[in-house]
Amino acid sequence: MKIGIFGGTFNPPHLGHLAAAQAAAAALELDRLLIVPASIPPHKELPENTPSPEHRLAMAEIMADALLMPQVTEVSSLELDRAGKSYTADTLAALREEYPEAELWLLMGTDMFLTLQYWREPEKILELAGVCAFGRTEQDGEEVFAPQREYLQKTCPGARLTTITLPGLVDISSTRLRELLAKGKGGDYLIPAVYGYILRNQLYGTRADLKHLDIPELRACSYSMVMQKRVRHIRGTEEEAVRLARRWGADETHARRAGILHDCTKYLELEEQLALCERYGVELDELEHQAVKLLHSKTGACIARHVFGEPDEVFDAIFWHTTAKENMTTLEKILYVADYMEPNRTFEGVERLRELAYRDLDAALLLGVETTIQEMKDRNLPVHQSTLRAQAWLREHGVTTEG
Ligand code: ATP
């Protein structure tokens, strides 16, 4: 098994780290990639406004998730859990014990590679692991790497050293990013979900008013609350909702914001969902008490209203986007249908739903509702009464799925 170890302060993790992790995992054909946030880095002081270890761990988790390689990537709290300075030699020794058979590779950027001989126990490091170095800027070419490779090879003849070129260089450091964030900038250098996490927790001197976020900030906050594999769907729903709003004369901004936030509580556990419902006074029926899938639309609506200051129209659209109901507003129909047929959806019959959505919105809504009812029946699951009422109401009003 080949294990890559990517250590750093990740204060915060940025797109440079992400690109490096991605490229190294591919170049080395890693079976495992461990992202290891340092507790106390030996070679630099943590600045005063450094967030707690828990926050740094959480941001590293988001970066790991954003690599979209769940079987490979893992965040290790090995160094955060260990007292004192985070010496790499100690970390590698611990990992060697945990994985006696594995081939270990230490990943690092130019700055780290060029100073390796000054770390504690460099010979031990090079004995325990290979080193995979990558450039951080355009200037970091072979003329920088080759002499250092030669030097290390001479001092440690058994050393395994490799240097790779990152396909997309991101010339940024966490130090620079912290400066930018304190001035209300820097979002472009961050994985959106990490940016959202920073905004939501007011880290690095950011003072965002969550009730008045612009669209990129709102996206970032929403993405920071979900698994990163869901971001494509959320983005697709946002775009589809805006297109449908344009087609059917609904408020495009409301459609966009509802699309962005509609799944923001999707990954909360049943207990957390129920606690939010209690907190915000959402009354639940018997089925909703057990069916976690039915709760995220209700709790998502509450978060949209109470945390992000969204108006009633957005609240209602999110609230009904899973079950639908009788007599829906245009915006409610739009979010329901957009969620069903956004460009990433691939189920059989989706093309028909797409065609219908732009020709007859009520017919598309009914088709969505009936598809859900059928699916529930096929899977022997109870259908929520709101969904049945939506179907009955549409039929009573002469709607058919033919449009
Ligand atoms: P700081 O500015 O706080 O010193 P940093 O941006 O250098 O932080 P670290 O967390 O110290 O980030 O870096 C972890 C690892 O990632 C190091 O090996 C570093 O060389 C590498 N690295 C950092 N930034 C980049 C980048 N933009 N491109 C490629 N590698 C990077």
Side-chain angles (χ1 to χ4, degrees), residues 4-28 33-51 53 55-64 66-67 73 75-80 85-89 91-92 104-119 122 125-126 129-141 144-145 148 152 161-182 186 188-191 194-195 198 203-205:
I5 299 131
F6 191 25
T9 38
F10 303 119
N11 187 23
H14 50 64
L15 291 179
H17 296 131
L18 187 81
Q22 237 154 12
L28 295 170
L33 170 63
L34 297 181
I35 294 172
V36 191
S39 172
I40 307 170
H43 57 285
K44 57 184 167 194
E45 294 263 306
L46 284 176
E48 239 175 49
N49 66 350
T50 295
H55 279 317
R56 282 200 293 127
L57 193 64
M59 290 188 283
E61 299 272 10
I62 297 176
M63 169 167 76
L67 286 162
T73 321
V75 175
S76 164
S77 61
L78 196 73
E79 293 191 352
L80 289 173
K85 289 194 172 182
S86 306
Y87 291 110
T88 301
T91 304
L92 289 177
L104 304 180
W105 281 90
L106 201 53
L107 318 183
M108 62 183 75
T110 333
D111 51 329
M112 297 290 123
F113 184 57
L114 296 182
T115 56
L116 193 55
Q117 60 271 35
Y118 308 116
W119 295 16
I125 292 175
L126 290 169
V131 168
C132 171
F134 34 82
R136 294 178 56 153
T137 66
E138 295 289 349
Q139 287 80 51
D140 301 339
V144 175
F145 284 127
Q148 174 69 349
L152 291 174
L161 306 170
T162 180
T163 40
I164 59 169
T165 312
L166 302 184
L169 281 178
V170 189
D171 190 357
I172 189 69
S173 68
S174 297
T175 304
R176 176 83 186 113
L177 249 176
R178 289 192 297 273
E179 288 164 12
L180 289 170
L181 285 166
D188 292 348
Y189 291 109
L190 289 161
I191 300 159
V194 171
Y195 185 42
I198 290 170
L203 306 181
Y204 305 109

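One-based numbering, in listed order, for ligands and for the atoms of each.
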N/O donor-acceptor pair under 3.5 Å between T137 side chain and D171 backbone: no
V170 contact mode with ligand 1 (heavy-atom cut-off under 4.0 Å): backbone
Has G7 got any heavy atom lying under 4.0 angstrom from an atom of ligand 1? yes
Is R178 near ligand 1, meaning one of its heavy atoms is under 4.0 Å from it? yes
Compute the minimum heavy-atom distance from F113 to ligand 1 and say whether it is under 4.0 Å. no
When distances are taken from atom 12 (O) of ligand 1, the protein heavy atom at minimum range is H17 NE2, 3.0 Å
closest protein heavy atom to atom 19 (C) of ligand 1 is R136 NH1, 3.5 Å
Write out the residue and atom name of the closest protein heavy atom to atom 6 (O) of ligand 1, then the distance separating them to 0.1 Å. S174 N, 2.7 Å
Show every salt bridge (charged side-chain N to carboxylate O under 4.0 Å, His left out) that has at least one partner inside residues 105-114, sequence neighbours left out. D111-R136
Nearest non-hydrogen protein atom to atom 17 (C) of ligand 1, with distance, is M112 CG, 3.8 Å
Decide whether Y195 and D188 meet the rule of one side-chain donor and one side-chain acceptor closer than 3.5 Å. no
Heavy atoms only, cut-off 4.0 Å: how does R176 contact ligand 1, side chain, backbone, both, or neither? neither
Closest approach of any protein heavy atom to atom 1 (P) of ligand 1, naming residue and atom: T175 OG1, 3.3 Å
Does ligand 1 have any atom that is closer than 4.0 Å to a heavy atom of N11? no
